[in-house]
Amino acid sequence: MKLADLHIHTTFSDGIYTPEEIVQQAMAVPLTAIAITDHDNVEGYKATAAYIAQENLALDLLPGVEIDTFYGDIDVHVLGYYLNPEEPKLLEALAWTRQGRAGRIANIVKKINELGFPLTMEEVLEEAKGSKSYGRPHIARVMVKKGYFKDVQGVFDALIAKGKPAYCRQEKLTPDEAVDLLHGAGALACLAHPSEIGDRAIAEKILTSSPFDALEVWHPSALADKETDYWLALACMYQLLTAGGSDYHGNGGRFPTALGEFKVTYEDVKGLVEYKK
Ligand code: AMP
Ligand code: FE
Ligand code: FE
Ligand code: ZN
């Protein structure tokens with residue numbers, strides 16, 4: 001059975017493996033098609049494409065990105081596939097979001113200090129070395145290394161998940177703006193992990209409020225209560241392409257600990273993978 005994984009993070013955002021390591025792991029599974037979907041940047045995709053070309057590997061790679069947006073105060077992630085990675089307007093918007101991420105990280109560090117945990121921006125930047133897009137997992141990993149918490153999940157649950165004392169909001173695009181930017185860059189726009197929105201009716205509202213092309217049906221957050229069947233039916237109803245991936249970051253917790261552990265068949269995402277063929 002051919003497998004695919006269209007949702008993978010690298011060290012260019014908040015993943016712990018480099019593009020080269022991701023490609024080696026994908027070849028070992030083996031996966032037939034992958035997409036690098038780093039948060040708010042396309043550099044990880046470019047580095048992955050360069051490595052696959054250099055090594056002349058038989059691995060299908062889709063250009064990808066995962067854009068952070070807010071729908072009111074609901075976090076909505078928008079995946080883009082087959083974008084032109086040089087499109088100026090898209091790159092400008094991603095740079096703006098990344099700048100917001102850097103500011104937000106500084107605010108979170110300040111709050112964590114106020115809560116009595118010594119932590120410096122330097123330590124976080126060292127942890128995020130090489131990243132073009134800082135995220136809360138970088139902070140969480142330092143907190144674990146410093147021995148304050150057992151694992152990354154523990155830091156989120158106690159301090160930095162939404163509603164927790166060190167959580168900070170950041171200005172972001174709307175889903176509609178992200179979809180528009182992606183379309184302007186020749187990409188397909190996909191609503192990411194709808195189960196994480198937490199309410200099916202709201203997810204459907206978001207899905208239908210913007211001209212999405214695809215829905216991420218298969219994702220580790222959609223295992224309970226036949227969630228996947230529900231999203232598949234919704235994608236079918238709105239005639240959307242279906243996407244799926246592990247959201248692999250390299251560290252365990254809410255996402256798989258190894259590539260290939262969360263299985264998505266190539267057949268299930270074939271329409272998307274072969275869209276530009
Ligand atoms: P940020 O990009 O700073 O908003 O952080 C989002 C990232 O943190 C996600 O892509 C996950 O990698 C991770 N994450 C978000 N929420 C949680 C949570 N509740 N528990 C563990 N990891 C999380
Ligand atoms: Fe992430
Ligand atoms: Fe996401
Ligand atoms: Zn992701």
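Both ligands and their constituent atoms are indexed starting at 1 by order of listing.
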In this structure, are over 12 heavy atoms from other groups packed under 6.0 Å from K162 atom NZ?
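Buried by this count: over 12 neighbours within 6.0 Å.
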
Are more than 12 heavy atoms from other residues, nucleotides or ligands located less than 6.0 Å from atom CD of E114?
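Enclosed: over 12 neighbouring heavy atoms sit under 6.0 Å from CD of E114.
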
Checking [Y] against [X]: is there a side-chain donor and acceptor pair closer than 3.5 Å?
{"X": "Y266", "Y": "E274", "answer": "yes"}
{"X": "W231", "Y": "S195", "answer": "yes"}
{"X": "S133", "Y": "D40", "answer": "no"}
{"X": "Y248", "Y": "E261", "answer": "no"}
{"X": "H219", "Y": "E227", "answer": "no"}

Can you label the angle between the H7 ring and the H9 ring as parallel, tilted or perpendicular, going by 30° and 60°?
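The rings of H7 and H9 sit tilted, inter-plane angle from 30° to 60°.
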
Quick check: is [Y] connected to [X] through a chain of hydrophobic side chains (ILVMFWY, heavy atoms under 4.5 Å apart)?
{"X": "L125", "Y": "V144", "answer": "yes"}
{"X": "I8", "Y": "L61", "answer": "yes"}
{"X": "F156", "Y": "Y148", "answer": "yes"}
{"X": "I22", "Y": "V264", "answer": "no"}

At distances under 2.8 Å, what protein N, O or S atoms surround the Fe ion (ligand 3)?
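Within the sphere that stays under 2.8 Å of the Fe ion (ligand 3), the protein atoms of type N, O or S are E66 OE2, H77 ND1, H193 NE2.
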
CA sep, side-chain torsions, deciding dist, call: Y17, Q24, side chain to side chain donor-acceptor pair (under 3.5 Å):
CA-CA 10 Å; Y17 293 112; Q24 284 153 13; over 6 Å; no

Under 3.5 Å between some N or O of ligand 1 and some N or O of [X]?
{"X": "R136", "result": "yes"}
{"X": "K172", "result": "no"}
{"X": "H39", "result": "yes"}

Of all the non-hydrogen atoms in the protein, which one sits nearest to [atom], and at what distance?
{"atom": "atom 20 (N) of ligand 1", "value": "Q153 NE2, 3.0 Å"}
{"atom": "atom 13 (C) of ligand 1", "value": "F156 CZ, 3.6 Å"}
{"atom": "atom 12 (O) of ligand 1", "value": "H249 NE2, 3.0 Å"}
{"atom": "atom 11 (C) of ligand 1", "value": "F255 CE1, 3.6 Å"}

Can you give me the closest heavy-atom contact between E21 and I16, atom names plus distance?
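Looking at all heavy atoms of both residues, the shortest contact is OE1-O, 4.3 Å.
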
List the atom of C190, the atom of E216, and the distance in Å for their closest heavy-atom pair.
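Shortest heavy-atom contact: SG-N, 3.5 Å.
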
I'd like to check which ligand 1 atoms, numbered from 1 as shown, lie under 4.0 Å from a non-hydrogen atom of P137.
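Going through ligand 1 atom by atom, the ones under 4.0 Å from P137 are 5 (O), 7 (C), 8 (O), 12 (O), 13 (C).
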
What atoms of ligand 1 come within less than 4.0 Å of a heavy atom belonging to G135?
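Taking each heavy atom of G135 in turn, ligand 1 has 3 (O) under 4.0 Å.
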
If you measure from each non-hydrogen atom of D14 to ligand 1, which part falls under 4.0 Å: side chain, backbone, both or neither?
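The answer is the side chain.
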
Residue-level breakdown please: for Y134 versus ligand 1, do any non-hydrogen atoms fall below 4.0 Å on the side chain, on the backbone, on both, or on neither?
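It is neither part, as no heavy atom is under 4.0 Å.
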
Options H193, R254, E196, ranked by nearest heavy atom to atom 15 (C) of ligand 1, top entry:
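Residue with the shortest heavy-atom distance to the ligand atom: R254.
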
Examine ligand 1 and decide if any of its atoms is less than 4.0 Å from a heavy atom belonging to R104.
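Yes, R104 has a heavy atom closer than 4.0 Å to ligand 1.
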
Decide whether the shortest distance between a heavy atom of R101 and an atom of ligand 1 is less than 4.0 Å.
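R101 counts as a contact of ligand 1 under the 4.0 Å cut-off.
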
Using 4.0 Å as the upper bound for N to carboxylate O, is an ion pair formed by E86 and K46?
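So K46 pairs with E86 through a salt bridge.
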
Listing by chain and number, what protein N/O/S atoms are under 2.8 Å from the Zn ion (ligand 4)?
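Only H7 NE2, H9 NE2, E66 OE1, D247 OD1 fall inside 2.8 Å of the Zn ion (ligand 4).
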
